[in-house]
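We name chains A, B, ... by the order of the sequence lines, and we start the count at 1 in each one. Because the structure is predicted, anything quoted here is derived from the model rather than measured.
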Amino acid sequence: MKKILIVDDEPDVNLSLKMVLEDKGFEVDAFDDPLVALENFRKRYYDLLILDIKMPGMNGFELYREIKKIDNKVKVCFLTAGEMYYGVYTDIFNENNQFIRKPIENEELIKRVNEMTLDAS
Amino acid sequence: MEQSELYEQLKMHDRMQREFINIAAHELRTPIQPILGLTQILQHGIKDSYQLQLMDIIIRNAKRLQRLTEDILDVTKIESNSLHLNKEKFKMHEMVLNSIADCKNQLKKGNDIKLELACDDIFVEADRARLNQVIMNLLSNAMKFNQEHGTITIRTQIVDNQIIVRIKDTGIGIDPEIFPRLFSKFVTKAEKGGTGLGLFISKAIIEAHGGRIWAENVSTSDNSNERRGAIFTFSMPLNKEQEQQSSLPPQQDMGQIDHL
């Protein structure tokens, strides 16, 4: 079963994304606190991370930089409601990472996550 | 107050207003995610037709709120000259068919869509999402204004290194008084509602692609004042390579979609 980690500071967004993906057979952990998510990442393997960009305390790009120190091959996809901060995080934009714009339709979310986890076992 | 000082203050006020709209619109997107996502999950488990109907209303309105939010953001982008295009190569007809599928639920009972496509397909280099937005806007208008048992005809052509897309309806036509302001902001037909932003945004998108968009009423044979529908057309330049890929073979593909 493919494992997904979702980090969004909005619990309702977490719940809805988690339910949609679990319904399609993904195993999903969702956290609204990036630091708790980071601690959890040290203990578990994930096929894909879905990270909100704008979060208090630590934004999605900063969280990803910390996660990469633990596993620099992990696949990531950023959730955005519009904010991108191109200039400050050029390293992340240069990696050609995927972005999902909120709100996203359930069908489209499933399609995108399936594509991004194609080579996962 | 000095004129230059006043000008600076106005500029600052304008910038602050745009920033506020940007923040507000971004914050509006977030709650739409759980509303749409969870309602669609609930919808799958419902068998009762009345409850399904209520769910449809919630989803339709959440999407409307989403569209409105995007439109407001687009207007601020257009007015601050920051409408950016993400160009890619894609097949025009494929995109038109997808757009039709996406708004088929707005089609009135007894209406059909007729396709008159120029050739097998036309490769364009454009912003796919933005072009899809224009076609959806024009199709939604045609569906909204069409009469019962009406037809919407979508035609694509290549003329003089330009791709021309025409959407014709058999509805009430365009009020002559509205014509000069048709592509301005907030122009709506009172009884049909809407924000009146769709055509303004469509024009900006097409012009950003180096094209142009215009509208006309369907002329009647007897030259009377009776209007028998509206035609919205946009044209965009094709580059040489696209033209070569698109113009062969020059066959006429006339398809009709009755049950979308």
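- Between A/F99 and A/F78, the gap from one ring centroid to the other is short of 6.0 Å.
- For A/D23, no part lies near chain B; criterion is any non-hydrogen pair under 4.5 Å.
- For the pair A/E107 and A/K111, the salt-bridge criterion is not met [side-chain N within less than 4.0 Å of a carboxylate O].
- In this structure, the portions of A/I104 lying under 4.5 Å from any heavy atom of chain B include both its backbone and its side chain.
- By number of non-hydrogen pairs under 4.5 angstrom with chain A, the leading residue of B/I41, B/I32, B/L28 is B/I41.
- Note: A/F41 and A/Y46 have parallel aromatic rings, judged against thresholds of 30 and 60 degrees for the angle between ring planes.
- Between A/R44 and A/E39, none of the side-chain N atoms (NZ, or NE/NH1/NH2) sits under 4.0 Å from a carboxylate O, so this pair counts as no salt bridge.
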